[in-house]
**Q** 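Would you mind keeping the following structure in view while I ask a few things?
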Amino acid sequence: MIAAKLGAIFFSMILVNNYVLVKFLGICPFLGVSKQLSSAVGMAVAVTVVMAMATAVTWPLQQLLERFDLVYLQTIAFILVIAVLVQLLELFLKKFIPPLYVALGVYLPLITTNCAVLGVTILNIDEGYSYIESLVCAVGAGIGFLLAMVLFSGVRRRVEDANPPKCMEGLPITLIAAAITALSFTGFGGIVENIFGV
Amino acid sequence: MNQKLSIVWNGILKENPSLRLVLGTCPTLAVTTLAVNGLGMGLAATFVLICSGAAVSALRNVIPSKVRLPAYITIIAAFVTLLMMLVKAYLPALNSALGVYLPLIVVNCIILGRAEMFASKNKVFDSALDGLGMGLGFTLTLVLMGSIREILGSGTFFGLDLHIPMDPMTVFITPPGGFFVFGILMGLAVLLENHTGHRIERRSSCEGCPSAGVCGGEEGQA
């Protein structure tokens with residue numbers, strides 16, 4: 001039962017409630033860093049790691065805030081925790097795992113103000129998930145982000161070669177391409193509920 | 001006086017945050033399924049823009065430049081918290097309509113961007129005016145997007161039934177419809193620019209992000 005519930009959360013975060021294409025969180029990196037597959041993957045992996053870490057820290061923090069009747073400080077506390085966490089992760093990677101720093105480090109500073117990270121921590125609280133569920137949800141959201149980035153970087157390569165009307169060149173046609181990519185994800189509606197019976 | 005007016009006007013048209021500077025894309029796409037939600041989101045962001053612009057400007061000589069990003073985020077988060085309390089108390093319907101996007105105003109890059117681009121270099125009153133202009137430009141775009149999506153997707157306008165003699169095209173109130181309408185609107189904006197000869201290059205994400213200078217993202221892109 002628990003496994004089914006966790007599975008349902010995980011796969012619905014990837015397919016049905018995809019953060020980028022359905023919930024519109026993290027659109028900036030989605031449009032900006034998806035030009036090349038390698039940078040798209042790097043960014044998405046960095047986001048996944050930070051999302052999981054941020055959730056691991058903010059969930060207990062929320063319990064603390066509730067205990068002391070400080071829930072109104074949620075937004076400030078969460079964003080500061082995320083900012084500190086990203087800085088720490090960056091320093092840690094730089095010092096101890098340089099190859100990983102080279103691969104992911106450049107994306108880390110951009111993640112502090114990425115709404116997908118703050119979004120996942122707040123949504124986990126709003127949904128009333130337990131600690132494990134929150135972590136699964138965060139990792140699922142990250143992998144959903146990765147899937148959207150990888151798929152879209154493929155679409156993007158075709159779009160770059162296309163020859164749209166002059167006024168649609170660049171960002172406008174990219175947005176239309178994103179619309180079609182998002183349309184394909186609406187086909188997943190209901191699929192997770194049917195598989196896991198939740 | 002004219003100069004003050006032009007600061008406000010600048011945000012509405014010349015540097016329209018959504019369609020020209022391409023900032024704050026997430027809320028632009030997410031909340032505009034109804035025109036009234038667009039209006040609510042726009043006004044909420046305007047409130048935070050004016051207050052945080054004034055506060056950042058007032059503190060611009062106190063904040064050391066090395067820690068200015070966290071300082072700005074804290075200032076903005078404080079005003080967003082204030083706003084959330086007000087909305088929860090007086091406009092509970094708007095609170096549930098905007099949901100998580102209300103606290104996410106903290107990371108809306110329009111606000112951080114204007115703090116870095118304008119408020120950190122200008123006087124308090126001018127910064128507040130800049131916030132007002134930017135906010136109004138953002139609000140207008142959101143209401144426009146919301147109107148188009150609501151009319152086409154639900155056949156209503158601000159909740160009023162328009163009695164359009166055809167079935168509403170539901171796809172416009174779904175996420176793909178959001179991307180589509182935003183793409184078309186931006187295309188129209190570019191078309192207009194081509195006619196008037198004020199074409200600017202649009203850049204998405206960090207390349208064009210005004211806060212790239214503070215977070216070091218610029219090198220990350222290259």
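Letters A, B, ... are given to chains in the order of the sequence lines, protein chains preceding strands, and every chain is numbered from 1. Because the structure is predicted, anything quoted here is derived from the model rather than measured.
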**Q** For residues A:Pro172 and B:Val190, report the shortest heavy-atom separation together with the two atoms involved.
**A** CG-CG2, 4.4 Å
**Q** Could you tell me the separation between the OG1 atom of A:Thr75 and the CD1 atom of B:Ile105, rounded to the nearest 0.5 Å?
**A** 10.0 Å
**Q** Can you list the steps and then say if B:Val171 with A:Leu183 is a side-chain contact (heavy atoms from CB on, under 4.5 Å)?
**A** CA-CA 9 Å; B:Val171 71; A:Leu183 204 56; 4.0 Å; yes
**Q** Please look at B:Ile76 and chain A and tell me whether the side chain, the backbone, both or neither of the residue comes under 4.5 angstrom of a heavy atom of that chain.
**A** neither
**Q** Considering all heavy atoms of both residues, which atom of B:Ala30 and which atom of A:Lys23 are nearest to each other, and what is their separation?
**A** CB-O, 4.3 Å
**Q** At a 4.5 Å cut-off on heavy atoms, which part of B:Thr81 comes close to chain A: side chain, backbone, both, or neither?
**A** side chain
**Q** What part of A:Phe30 lies closer than 4.5 angstrom to a heavy atom of chain B: side chain, backbone, both or neither?
**A** side chain
**Q** For A:Ala83, which atoms come within 4.5 Å of any heavy atom of chain B: side chain, backbone, both, or neither?
**A** neither
**Q** With side chains defined as the heavy atoms from C-beta onward, is the minimum distance between B:Ile184 and A:Leu175 less than 4.5 Å?
**A** no
**Q** Where does A:Leu80 contact chain B at under 4.5 Å (heavy atoms): side chain, backbone, both or neither?
**A** side chain
**Q** How are the rings of B:Phe179 and A:Phe24 set to each other: parallel, tilted or perpendicular (split at 30° and 60°)?
**A** perpendicular
**Q** Taking all atoms of both residues into account, what is the closest heavy-atom pair of B:Pro103 and A:Ile122, and its distance?
**A** CB-CD1, 3.7 Å
**Q** Do you know which of B:Thr28, B:Thr74, B:Val100 has the most heavy-atom pairs with chain A at a distance under 4.5 angstrom?
**A** B:Val100
**Q** Which of these, B:Leu192, B:Leu191, B:Leu188, sits in a side chain to side chain contact (heavy atoms under 4.5 Å, CB included) with A:Cys167?
**A** B:Leu191
**Q** Taking all heavy atoms of B:Cys26 and all of A:Gly26, pick out the closest pair and write down the distance.
**A** SG-N, 3.7 Å
**Q** Enter the distance from A:Leu118:CG to B:Ile73:CD1 here, rounded to the nearest 0.5 Å.
**A** 10.0 Å
**Q** Below 4.5 Å from any heavy atom of chain A, which atoms of B:Val181 appear? Answer side chain, backbone, both or neither.
**A** neither
**Q** So which atom in B:Pro176 and which in A:Ala182 form the shortest heavy-atom distance, rounded to 0.1 Å?
**A** CG-C, 3.7 Å
**Q** Side-chain contact test, heavy atoms from C-beta onward, threshold under 4.5 Å: evaluate it for B:Tyr101 versus A:Leu25 and give yes or no.
**A** yes
**Q** Around B:Phe180, counting heavy atoms of other residues, nucleotides and ligands shown, do more than 12 lie under 6.0 Å from its CZ?
**A** no
**Q** Verify the neighbour count for atom CD of A:Gln63: are there more than 12 heavy atoms of other residues, nucleotides or ligands below 6.0 Å?
**A** yes
**Q** Under 4.5 Å from any heavy atom of chain B, what part of A:Val20 do you find: side chain, backbone, both or neither?
**A** backbone
**Q** Which heavy atom in A:Gly119 sits nearest to a heavy atom in B:Leu104, and how many Å separate them?
**A** N-CD2, 3.7 Å
